There are 2 protein chains.
Amino acid sequence: MDPAQDSSKVTIADVAREAGVSKGLVSFALNDRPGVSAETRARILQVAGTLGWTPSLRARSLSSKRSFALGFVIARDPEVLGSDPFFTSFIAGVETVLAPEGLALVLSVVPDASTELATYRTLVTDGRVDGVFLSDLRQDDVRIPYLSELGLPAVTLGRPDQLSPFPSVSIDDTNGIRESVRHLAALGHRRIAHVAGSPAMLHGNRRRAAFTAAMRDAGLGDGQVVETDFSISAGADATRRLLRQDQPPTAIVFANDPMAIAGIGVAQELGVSVPDDLSITGFDDIEFARYVYPALTTVGATPMVWGRAAATTLLGLIRTGSADDIELPAARLIIRGSAAAPTSH
Amino acid sequence: MDPAQDSSKVTIADVAREAGVSKGLVSFALNDRPGVSAETRARILQVAGTLGWTPSLRARSLSSKRSFALGFVIARDPEVLGSDPFFTSFIAGVETVLAPEGLALVLSVVPDASTELATYRTLVTDGRVDGVFLSDLRQDDVRIPYLSELGLPAVTLGRPDQLSPFPSVSIDDTNGIRESVRHLAALGHRRIAHVAGSPAMLHGNRRRAAFTAAMRDAGLGDGQVVETDFSISAGADATRRLLRQDQPPTAIVFANDPMAIAGIGVAQELGVSVPDDLSITGFDDIEFARYVYPALTTVGATPMVWGRAAATTLLGLIRTGSADDIELPAARLIIRGSAAAPTSH
DNA sequence: CTGAAAGCGCTTACAG
DNA sequence: CTGAAAGCGCTTACAG
């Protein structure tokens, strides 16, 4: 009765019979494989359309050993995760390429690194996904050899510091840090500090190195650096420590926006005026950055673009067996109100 | 050679042969179905363990017409989504119940409501999921009859305002609003405004109604209300509008934390001191709330707990055909620094 | 360019 | 309590 219900009952056998061909040929036509004449293919597709045939994903999965899904495993303390808007935007970007292809995204949020590996193994054992996204690259990341051994295709967000069989989608975030330091130096700052991310994470390391290099280039020494784990609370603590020194910095370059926003909060709490007494820059340009006061001068990231590029690359790898690395346009500094010339003193 | 590789090749037929029983019996043992003697079941499971048999999810899916996965479709402008930490924590909570059961979560982030419906349809047609989570309930929500007609089990986050065949997991968030108003009234505020969420969304409506009711109870009239779409930018705009009036409120109750944080930013920008000239309360207790200055007095939400409860309920519905509604402990006000007694004037 | 058949690895009535 | 067989709906060599 209900056409929607009926159509779900239509199988490849019905289409084959109606079109007067074998099931195999219908399959070939469906999968755009050579060996079907143009007119036969057209007729088959036409019949399929008329009958409202939707090939069974489950049957296709079983016989073709594919899952038509991609996976993303995020290993983070959920509390910290929540404040990082990167992932949802990234996933929205991924979605824009998966949806039209009829592919799905399987997401796992796990609390720690060992659960993370177990999750990848389950994903492979169950044949849940045809490939995965690898984010938050760490130094000498165990996930890379692990996935390689499991035979699971992957794309890394950022270029690993080790031999990797996987394509990468990366962005030059050092440029943003460099621009931040130059901007502050041009405003007249001499004592500039860096609240760095985790040294165990590649982007934390890279931004820190970029900071030091830019400081030297500007003739400002190495600059003081405080390491954190990228979390808001660690950012707040680091800021407090920096400002309580005898010679506090007049500017701080933060490795991400959440920490920078916490930094503004701490400064205000201590009665240190931003940007008059202290200039602050962030990294990521999360939406909050525009709405805190003063609005955060920060480096623009493009998580949706990353998502799209990573999904395209991973699909290419899965389908053709290889894919080129992609380098996205370098991150740029966005100047707003949280950085200004230091007041004389 | 590689045991991991070998084990993936082991099938139910191998186990049956080795255990000296039929494939059917192995299947029965695997699925804990009656009709297998305790010792036979034990022997089968033992053999399965020895051989390292992992039942093929794909084969099980095809023959049992289940997908062993749950779905979550989020319809939101990705920009706005990013600043809402609710989802990632919610998903982390869901994960804690899915992972031990060997179930996966399929996530879709779509830009608008029509894409949302199409996504649900695809999920059903492809047999991707056995049930879905329904969040951000709207007035007379079309998704409820739609999913019902598709025959897809669901759990709603919050109680719908319409007839619904689905169980709900809800929390009394009106209590948090009520506590906020009482807190402000007790501090001596008389002109309290509410920056409400979208009137099209149930929780926006509910919080707004709770605000008005609490104001009346306190003998403070209806209180001024400005409607928004829950977005940070709308929260900033609403605050600006409120503060520019001849008789601006001395306190504002925001329907969520992102808007409240933007509200603090706007106040600072306008030279209005928080909490001296203006008290502010939020809703959700996102991580940022503790780190802005002054720290945000807000209502605690528990997205991880929601996730866990919703997943448990949905699984129960799928497995037994019915599930009871769950009411989580009422949301409570968390007092921090953004609300204080109004300065006399 | 096309057909007939086996196979993917389970589950599920149906007999006994 | 147990076995043999059909079935889920595709894909994929293998023949022609």
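Chain letters run A, B, ... following the sequence lines, proteins first, then strands; residues in each count from 1. Predicted, not measured: the structure shown is a model, and the values here were computed from it.
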With a 3.5 Å cut-off and sequence neighbours excluded, list the donor-acceptor pairs that the side chains of residues 307-317 of chain B form with protein atoms.
| unit_1 | atom_1 | unit_2 | atom_2 | d |
| --- | --- | --- | --- | --- |
| B:Thr312 | OG1 | B:Arg308 | O | 2.8 |
| B:Thr313 | OG1 | B:Ala309 | O | 2.9 |

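- With sequence neighbours excluded, the residues forming a side chain to side chain donor-acceptor pair (under 3.5 Å) with B:Glu116 are B:Arg138, B:Arg143, listed by chain and number.
- For the pair A:Asp32 CG and C:dC1 C1', the computed distance is 16 Å after rounding to whole Å.
- Within the 4.5 Å cutoff, no side-chain heavy atoms of A:Val47 are placed close to those of A:Val26.
- Looking at heavy-atom distances under 4.0 Å, B:Ser37 makes contact with sugar-phosphate atoms alone, never a base.
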(request) Give the dot-bracket string for DNA chain D, reading 5' to 3', where a pair is Watson-Crick or G-U wobble with both distances under 3.5 Å, ( ) marks pairs inside the strand, [ ] marks pairs crossing earlier ones, | marks a partner on another strand, and . marks unpaired. (result) |||.||||||||.|||

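- B:Asp161 places no side-chain N or O within donor-acceptor distance of the main-chain N or O of B:Gln139, the cut-off being under 3.5 Å.
- The aromatic rings of A:Phe72 and A:Phe87 sit tilted, their planes meeting at an angle between 30° and 60°.
- Residue contacts for A:Thr40: at a heavy-atom cut-off of 4.0 Å it reaches the sugar-phosphate backbone alone, with no base atom in range.
- For B:Ser37, the side chain to side chain donor-acceptor pair (under 3.5 Å) test picks out B:Thr40, with sequence neighbours left out.
- A donor-acceptor pair is defined here as one N or O able to donate and one able to accept, closer than 3.5 Å; no such pair exists between the side chain of A:Ser27 and the backbone of A:Lys23.
- Regarding B:Arg58, its CZ atom lies at a distance of 15 Å from the C1' atom of C:dG7, rounded to whole Å.
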(request) Can you check each nucleotide of nucleotides 10-16 of chain C against protein heavy atoms at under 4.0 Å and return B for base, S for sugar-phosphate only, - for none, in 5' to 3' order? (result) BBB----

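- Judged as a side chain to side chain donor-acceptor pair (under 3.5 Å), the pairs with a partner in residues 125-134 of chain A (not counting sequence neighbours) are, in order, A:Ser67-A:Asp130.
- A:Ile44 places its CD1 atom 13 Å from the P atom of C:dC1, with the value rounded to the nearest Å.
- Going from atom CZ of B:Arg41 over to atom C1' of D:dC1 covers 12 Å, rounded to whole Å.
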